[in-house]
Amino acid sequence: MPYSPSEIEARWQKAWDDAALFKAKRTADKPKYYVLEMFPYPSGRIHIGHVRNYTMGDVIARYKMATGHNVLHPMGFDAFGMPAENAAMAIGGHPKTWTYDNIDTMVEQMKPLGFAIDWSRMFATCDPEYYGQQQSLFLDFLEAGLVYRKNAVVNWDPVDMTVLANEQVIDGKGWRSGADVERRELTQWFFKISDYSEELLEALETLDNWPAKVRLMQENWIGKSRGIEIPFERADGGDPIICYSTRPDTMRGASFIAISPEHPLSHALAAENAELADFIAESRKMDTTEAAMEKAEKKGLDTGIRVKHPVYPDQELPVWVGNFVLMDYGTGAVFGCPAHDQRDLDFAQKYGLEVRNAFHMPGDETEVGTEALVPAKTEKVVYIDHFAGVAEVTSQDGIDATIDWFEANDLGKGIVKYRLRDWGLSRQRYWGCPIPVVHCDDCGVVPEKKENLPVRLPDDVSFDIPGNPLDRHPTWRNTPCPACGKPAKRETDTMDTFVDSSWYFARFTAPQADTPTVKEDVEYWMNVDQYIGGIEHAILHLLYSRFFARAMHITGHMPKTAIEPFDALFTQGMVTHAIYVTRDENDRPVYHFPEDVEIHESGARLGATGEEVEVVPSAKMSKSKKNVVDPVSIIQQYGADTARWFVLSDSPPERDVEWTASGAEAASKHLARVWNLCDRIAAMPDGEGAGDADLQKAMHKTIHDVTLGIDSFGFNAAIAKLYGFTATLSKSKASKAVQREAIMTLAQLMAPFTPHLSEDIWHHQKGEGLCAAATWPTADESLLVDDTVTLPIQINGKRRAEIDVPADLDKAEVEKIALANEAVEKALNGGQPKKVIVVPGRIVNVVV
RNA sequence: GCGGGCGUGAUGGAAUGGUAGACAUAUCGGACUUAAAAUCCGAAGGGCGUAUGCCCGUGUGGGUUCGAGUCCCACCGCCCGCACCA
């Protein structure tokens with residue numbers, strides 16, 4: 001019988017289903033294991049990248065199941081967000097219909113892949129049962145002081161009438177409307193994540209099983225810096241201007257003060273200074289994207305105000321408003337030291353301000369010209385009559401001494417700042433979780449009563465005009481004030497979708513509960529033992545989730561032990577595919593589907609015209625580049641096991657893997673080979689064979705290697721070992737009993753990757769029960785060591801010969817045999833070796 | 001600018017400081033076949049050589065070591081993250 005994946009895969013999926021094998025239940029008699037892949041956004045269809053991601057989680061889930069763990073492996077959908085509204089605007093229809101239709105499609109596409117998922121726990125974040133509990137959490141956070149309202153400057157699209165994220169502003173224009181984006185001050189809700197900066201930073205050190213890269217990215221994002229706040233007295237007697245600096249050691253070179261256009265002093269002065277008012281308005285219009293800021297001109301306006309230099313009171317410094325000074329970092333005011341900061345230097349040269357060194361490099365007393373002198377903090381510099389008396393020290397020591405001196409003289413206060421800012425969660429959108437508060441003329445902002453949750457989204461909304469449909473809904477806003485009962489208005493902002501994904505992992509532990517979590521369940525299942533997802537979530541999603549776990553702990557929804565919710569994190573690579581390009585008459589690229597291209601030895605050509613095609617390997621899949629591989633057609637062509645096997649076989653899981661037709665073909669052929677091997681063994685006659693012991697040895701080595709590979713996310717290496725063992729087994733002349741044992745072990749070792757094929761082999765060999773429920777084989781340590789080993793002999797570090805010796809032979813004996821070797825004798829030429837190194841079981845090195 | 005990572009055959013990639021290139025793709029040869037496909041067996045880093053073999057070889061240059069793809073230093077190239085952060 002030929003290998004027929006479509007038939008066996010459906011059959012075994014049903015068998016697992018009937019046995020309720022993947023349904024997770026609390027139990028005390030096994031250790032629990034929670035494996036989770038970042039849940040998908042229901043964009044429409046699953047992508048081959050999803051297949052790889054979930055296969056990794058599935059390998060872990062099935063392996064842990066086989067090694068005696070009680071496994072939780074759930075799946076859900078991150079279902080709120082802009083694309084659903086955009087679709088409604090573009091093609092009509094309703095975001096809700098669009099979203100749920102997509103979810104249905106994607107579940108239907110995922111099920112044939114045979115993942116060991118507990119589908120009974122599935123939910124979408126747009127289910128009222130989910131977002132109602134999220135509103136309940138919000139109210140608890142509000143009561144605990146973890147959420148607050150404040151005015152904030154946001155990117156406002158005046159045409160679409162909504163707030164835009166920074167990445168939605170392109171060249172200063174709204175990405176959809178093309179309108180000039182304004183900086184507008186709005187009252188918004190914020191999570192107090194910045195209160196947890198230090199804790200979130202420190203706890204990173206405990207996350208041993210996270211990639212160092214992710215921890216570092218979070219560390220940089222939190223951005224701790226030690227500096228000082230220095231008040232500058234105003235010559236006119238007004239309130240002092242407080243500047244923040246991390247380089248107070250450059251105070252000698254201070255030649256101006258720059259304050260942010262949003263600084264209160266700027267606003268105050270603007271009232272009587274039209275020029276300044278214009279300057280502020282212009283600054284607000286400025287594009288805030290990185291690229292634009294790089295190019296943007298540093299502009300300033302002298303306010304006419306003068307301050308006293310705190311160290312040299314006879315010096316007066318001008319106060320400028322600078323468009324480059326950020327209001328939301330530090331104090332919104334800085335002192336400029338042109339000699340030691342390139343930006344300050346550019347500014348000073350533009351406006352004719354003084355440039356004066358605070359230090360020189362040792363042995364080089366040249367004054368700064370067009371390039372600022374900015375040494376590393378560990379570099380030694382020579383301070384020029386420094387007020388704290390330091391001379392030649394590292395600039396870090398200079399900074400520390402300066403801060404101490406300022407504090408001792410009561411001229412400033414050492415302070416720690418974080419770059420991390422509070423998390424603004426208000427969105428002027430429809431398709432999100434409504435913020436459950438009510439605005440009452442008499443009572444102000446009043447939380448909705450919990451018994452009125454969920455605050456449901458209305459279905460009767462329209463998307464034919466821009467803006468927030470909730471805002472213009474005729475009746476939805478109207479509600480009695482929860483405090484006084486008088487007519488009041490609901491908040492029409494919804495929550496950032498990152499809120500939805502910040503606690504879904506906890507919800508999976510009790511997805512149907514009528515509280516956000518249930519004590520016994522969340523205590524039993526949390527933490528997530530292994531979390532798997534893309535590096536693109538290294539900062540925001542993971543940081544927000546860490547904050548949420550803490551906030552949920554404070555409000556009694558999460559045990560203390562789960563404030564770091566993800567024990568281990570793995571960031572997987574993408575699936576890429578070559579793109580095939582020709583050029584049109586204007587040299588613009590024209591993309592071609594792989595099936596239209598023929599690969600010849602001389603290069604790639606279009607099948608239809610013979611035109612030469614440029615091949616760009618390993619490109620990210622994209623519909624417009626015509627290099628997307630659809631999992632559904634792959635499953636139809638080759639079966640799920642082949643897809644699963646191939647996406648993990650060729651590259652380490654953290655790296656990208658290129659999908660190639662030949663690779664998929666080869667994977668499929670290999671699985672067929674294993675299947676045929678199973679048939680052949682089943683048909684063998686009983687009786688004696690040759691090399692039973694050798695096959696058993698190879699089998700135990702494979703058990704050992706594959707187990708190690710899966711444990712360490714070395715899936716590609718584990719698969720290579722499985723290839724090797726298949727070759728060994730197919731050449732073996734061992735007895736039927738031993739070959740049967742070998743093929744069944746092979747099936748088990750392959751089962752995390754190719755569960756259907758393994759199950760079928762198990763069945764053919766009359767294995768007990770289901771392969772998916774069988775206990776993982778263990779390697780017999782005694783069979784892992786060989787009786788004899790081949791030792792390479794090096795002469796001066798170069799391999800020159802080999803000897804076969806008993807594995808347990810002692811060093812002296814090995815040395816004796818090595819020295820008697822022909823090649824060694826030749827090299828020694830009758831003399832004595834200078835040194836002989838014997839690494840037992842590894843190598844012999846003779847130094848002559 | 002700051003921070004991090006990576007550079008190994010034609011290709012994807014293996015390799016606790018110990019025989020570099022496992023495994024796979026592509027390629028070539030052979031068996032089977034009238035033939036092809038499928039299947040099976042085999043070759044294969046580069047150079048010289050009939051061959052035993054010898055020389056070279058993990059981006060470049062140095063260093064540590066009996067021994068370096070692996071550790072250290074410098075450089076080159078590519079990739080990623082952050083960034084008017086004072």
Side-chain angles (χ1 to χ4, degrees), chain A residues 2 211-221 223 225 227 243-248 250 258 260 286 288 290 292-298 322-326 328-337 340-344 346-347 374 376 417-419 421 535-536 538-539 576 578 599 601 617-618 646 649-652 655-667 669-670 672-673 676 705 708 714 716-727 730-731 790-802 833-839 841-848:
Chain A
K213 180 189 171 79
V214 173
R215 295 195 323 225
L216 201 72
M217 281 163 74
Q218 293 217 353
E219 189 183 320
N220 291 339
W221 187 262
S225 68
C243 294
Y244 175 71
S245 174
T246 56
R247 291 304 301 261
T250 64
S260 166
M286 225 171 65
T288 52
E290 287 169 28
M293 299 230 259
E294 190 76 23
K295 281 180 273 161
E297 208 181 336
K298 313 307 180 231
N323 65 353
F324 57 88
V325 184
L326 303 174
D328 44 9
Y329 187 77
T331 57
V334 297
F335 72 78
C337 176
H340 304 299
D341 183 291
Q342 191 59 45
R343 192 194 51 213
D344 290 351
D346 295 344
F347 190 80
V374 189
K417 289 270 182 201
Y418 301 89
R419 212 184 63 99
R421 293 178 226 153
I535 187 75
E536 66 273 20
I539 298 176
T576 62
I599 312 287
E601 226 178 303
S618 303
F646 179 66
S649 65
D650 263 10
S651 274
R655 257 194 254 181
D656 293 350
V657 65
E658 177 159 354
W659 183 279
T660 60
S662 56
E665 188 73 34
K669 280 180 190 171
H670 177 74
R673 240 181 327 246
N676 292 335
D705 292 346
L708 210 67
N716 57 325
I719 285 176
K721 299 290 180 190
L722 290 166
Y723 269 107
F725 184 58
T726 307
S730 61
K731 282 177 201 151
T790 303
L791 291 184
I793 297 180
Q794 294 184 335
I795 293 167
N796 292 336
K798 287 186 191 276
R799 194 182 73 90
R800 282 295 124 94
E802 292 185 338
K834 283 201 191 115
K835 200 170 179 180
V836 179
I837 288 120
V838 177
V839 184
R842 283 284 182 194
I843 206 163
V844 180
N845 191 9
V846 181
V847 186
V848 297

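This is a predicted model, so every value here is computed, not measured. Any value given below was found using the heavy atoms of this structure, including those in side chains, with hydrogens, waters and symmetry copies removed. Just so we're on the same page: letters track the sequence lines, and every chain starts at 1.
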When you measure from the side chain of [X], which nucleotide among [options] comes out closest?
X	options	answer
A:Arg343	B:C66, B:C85, B:U19	B:C85
A:Gln794	B:C23, B:G67, B:G12	B:G67
A:Trp221	B:G3, B:C82, B:C84	B:C82
A:Ile837	B:G18, B:U19, B:G3	B:G18
A:Ser245	B:G81, B:A86, B:G18	B:A86
A:Phe324	B:C66, B:C84, B:C23	B:C84
A:Val334	B:U19, B:A24, B:A86	B:A86

Honestly, is A:Lys417 close enough over A:Tyr329, meaning NZ or CZ under 6.0 Å from the six-membered ring centre and within 45° of the axis?
->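 Not flagged: A:Lys417 not positioned over aromatic ring of A:Tyr329.
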Under 4.0 angstrom, heavy atoms only, what part of the nucleic acid is [X] near: base, sugar-phosphate, or nothing?
X	value
A:Val839	base
A:Ser662	sugar-phosphate
A:Lys669	sugar-phosphate
A:Val325	base

Kindly give the atom pairs (protein nitrogen or oxygen, nucleotide nitrogen or oxygen) under 3.5 Å for nucleotides 41-47 of chain B.
none

Residue-phosphate contact under 4.0 Å: [X] side-chain N/O, [N] OP1/OP2:
X	N	result
A:Tyr329	B:A86	yes
A:Arg842	B:U16	no
A:Arg673	B:C40	yes
A:Lys213	B:G5	no
A:Asn716	B:A14	yes
A:Arg655	B:G13	yes
A:Arg419	B:A83	yes

What is the pairing partner of B:C75, taking Watson-Crick or G-U wobble pairs with both distances under 3.5 Å in any strand?
->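 B:C75 is paired with B:G59.
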With both distances under 3.5 angstrom, what nucleotide forms a Watson-Crick or G-U wobble pair with B:A22?
->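 Pairing partner: none.
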What N/O pairs connect the protein and nucleotides 51-57 of chain B at under 3.5 Å? Give each pair on its own line.
residue: B:C55; atom: OP2; partner: A:Arg800; partner atom: NH2; Å: 3.2

